[in-house]
Amino acid sequence: MPELPEVETLVRRLREPVIGRTIENVTIYWKRTVARPAPKEFARMLRGYTVRSIDRRAKYLVFELTPRASTSLRSAQRAAVTPTLFLLIHLRMSGKLSVVDRTEPRAKHDRVVFDLDDGRQLRFNDIRKFGKIWLVADPEMVTGAIGPEPLDRAFTLPKFRKLVKSRSGIIKPLLLNQAFLAGVGNIYADEALWRAKIHPRRKTDGLTEVEVATLYRSIRKVLRTAIEDEGTDAGDGVIEGDYQPRVYGRTDQPCYRCHQPIQRIVVGQRGTHFCPQCQPQRGPGRRR
DNA sequence: CAAACTCCCTGTTAGC
DNA sequence: TGCTAACAGGGAGTTT
């Protein structure tokens, strides 16, 4: 399941083949993949638009597009009538993006195919059809309610402390809440909590100052490391990175710190992996 | 406000 | 061997 590091990796890989390319045509094989506007309108609007940049916000890929440079308009004129559009793609569970020659036979679960002006295609393939694509004038229309980027310079420990204190409830579901923090999914929530030695069922208001600070550093460390490793290979072909989870998917295998078997429980309806020894339910014993 | 639950989907896997 | 049912999970929306 692609999370922040996997999406970041994909964005970096797509820049070289896609930036500067103009979209000549769009074929939609599964209409519900297109969230907005309506599929016909979506395909019509994109034609003739050139990709200027590709970035990431939370787990969304954000493509900035402007109309193909036209020599028939003076630049001032063009500026006045040139609407920048943003194409946002969320891979959800099984979405994949690839750039291939258009002669390549269509894959089974290709949902939307963008014809580029160099004979290649950007293909969105998605087994489970959970993935969505938007075309909007302002990316905030889609990502407006999402919390801060954990790797932003502006996202400091005081900011995180304040954020945690503004909420009550169980820590793991909170980490998964995109309105709280952007881009953390099931894998990296478990990984960060293991690193911080915090039990996933702990309540936020029971965390010590030190634990909150450690969690802050753990989240950033885990995400940075995973980006360096180009993501986690979940075995579903979404991305084939080298990040090796310490707890996620390691049920019954020994903890890398204390060799106790990793446990799998359900927290907030999500499969959750943790070390019962390193991450005690009670938290750190009071010093006295 | 928090948290549980439902829905969207299909490939994989456990159970019979 | 072959079938069915349960399961996985991000996130929006709904209900408790």
Side-chain angles (χ1 to χ4, degrees), chain A residues 1-10 28-36 39 56-62 88-97 107-112 124-134 136 139-150 162-193 199-207 219 223 226 231-239 245 247-252 262-274:
Chain A
M1 321 99 242
E3 303 180 26
L4 186 154
E6 289 74 29
V7 176
E8 180 64 31
T9 300
L10 196 49
I28 299 163
Y29 297 102
W30 184 254
K31 286 188 166 65
R32 299 178 65 165
T33 295
V34 178
R36 65 177 296 184
R56 181 193 58 74
R57 170 78 172 107
K59 302 174 195 172
Y60 293 81
L61 295 103
V62 182
L88 279 80
I89 301 181
H90 197 303
L91 305 170
R92 292 284 176 93
M93 298 302 297
S94 59
K96 294 182 262 292
L97 283 167
K108 188 174 178 190
H109 302 294
D110 283 348
R111 307 302 181 195
V112 178
F124 180 67
N125 181 288
D126 184 19
I127 292 174
R128 291 184 192 169
K129 301 178 175 173
F130 284 0
K132 290 275 182 289
I133 307 181
W134 296 255
V136 290
E140 292 280 304
M141 297 169 86
V142 180
T143 62
I146 291 175
E149 284 291 329
K162 221 173 147 183
L163 201 57
V164 171
K165 281 186 174 159
S166 73
R167 303 280 190 139
S168 65
I170 302 162
I171 189 63
K172 171 159 177 186
L174 191 59
L175 292 179
L176 295 179
N177 184 346
Q178 298 300 294
F180 172 76
L181 192 61
V184 177
N186 209 30
I187 296 175
Y188 299 108
D190 283 1
E191 295 296 294
L193 288 169
H199 191 290
R201 282 204 183 114
R202 294 275 303 282
K203 297 281 204 316
T204 54
D205 53 19
L207 298 177
I219 291 166
L223 294 176
T232 302
D233 185 352
D236 52 12
V238 171
I239 206 104
V247 284
Y248 185 84
R250 296 194 64 250
T251 312
D252 297 333
I262 298 302
Q263 259 184 40
R264 184 187 186 279
I265 57 175
V266 175
V267 180
Q269 294 87 238
R270 286 291 194 275
T272 298
H273 311 73
F274 75 108

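Throughout, a chain's letter reflects where its sequence line sits, starting with A, and its residues are numbered from 1. Keep in mind that this is a model prediction, so the values were computed, not measured.
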Under 4.0 Å between a side-chain N or O of A/R167 and OP1 or OP2 of B/dA2?
yes
C/dG9 P sits how many Å from A/D190 CG, rounded?
9 Å
In whole angstroms, the gap separating C1' of C/dT14 from CD of A/Q269 amounts to 14 Å
Just verifying a value: how many Å separate A/I146 CD1 and A/F180 CZ, rounded to the nearest 0.5 Å?
14.5 Å
If the cut-off is 4.0 Å, is A/K129 near the phosphate of B/dT10, judged by side-chain N/O to OP1 or OP2?
yes
Atom-pair distance (CD1 on A/I127; C1' on B/dC8), nearest Å
16 Å
Neighbour count above 12 (heavy atom, 6.0 Å) for A/R36 CZ
no
Which sits closer to the 5' end of DNA chain C, A/F130 or A/I146, going by the nucleotide each is nearest to?
A/F130
How would you label the contact of A/G169 with the nucleic acid (heavy atoms, under 4.0 Å): base, sugar-phosphate, or nothing?
sugar-phosphate
Can you tell me if the side-chain N/O atoms of A/Y248 get under 4.0 Å from OP1 or OP2 in C/dG9?
yes
Tell me, do A/L88 and A/V136 make a side-chain contact under 4.5 Å, heavy atoms counted?
yes
Atom-pair distance (NZ on A/K132; P on C/dG13), nearest Å
11 Å
Residue A/I170, side-chain atoms from C-beta onward, closest of B/dG11, B/dA3, C/dG9:
B/dA3
Using only side-chain N and O atoms of A/H90, determine if any of them is under 4.0 Å from OP1 or OP2 of C/dG10.
no
What about A/R270: does its side chain form a donor-acceptor pair under 3.5 Å with the base of C/dG10?
yes
Look at A/R92 and C/dA12 and indicate whether a side-chain polar atom (N or O) is within less than 4.0 Å of OP1 or OP2.
no
Starting from P on C/dA8, measure out to CD1 on A/I265 and report it in whole angstrom.
13 Å
Nearest 0.5 Å please: distance from the OH atom of A/Y188 over to the CG atom of A/L4.
9.0 Å
Test salt bridge (Lys or Arg N to Asp or Glu O under 4.0 Å) applied to A/D190 and A/K172, step by step:
CA-CA 8 Å; A/D190 283 1; A/K172 171 159 177 186; 2.7 Å; yes
Closest approach to the side chain of A/R32, judged atom by atom: which nucleotide of B/dA4, B/dT10, B/dC9 is it?
B/dC9
Side chain of A/N186 - closest among B/dA2, C/dA8, C/dG10
C/dG10
Separation of C/dG10 P from A/Y188 OH (nearest whole Å)
12 Å
Proximity to the side chain of A/Y60 - top-ranked nucleotide from C/dA12, B/dA2, B/dC8:
C/dA12
Taking only N and O in the side chain of A/R264, is any of them less than 4.0 Å away from OP1 or OP2 of C/dA8?
yes
Atom pair distance, as rounded to whole Å: CG in A/D126 and P in B/dG11
11 Å
Flag, side chain of A/R111 to backbone of A/D126, donor-acceptor distance under 3.5 Å
yes
Let me know the distance between CG of A/L91 and P of B/dC8, rounded to the nearest Å.
22 Å
Within the 4.0 Å heavy-atom criterion, would you say A/Q178 contacts the bases, only the backbone, or no part of the nucleic acid?
sugar-phosphate
At less than 4.0 Å, is any side-chain N or O atom of A/K108 found next to OP1 or OP2 of B/dG11? Yes or no.
yes
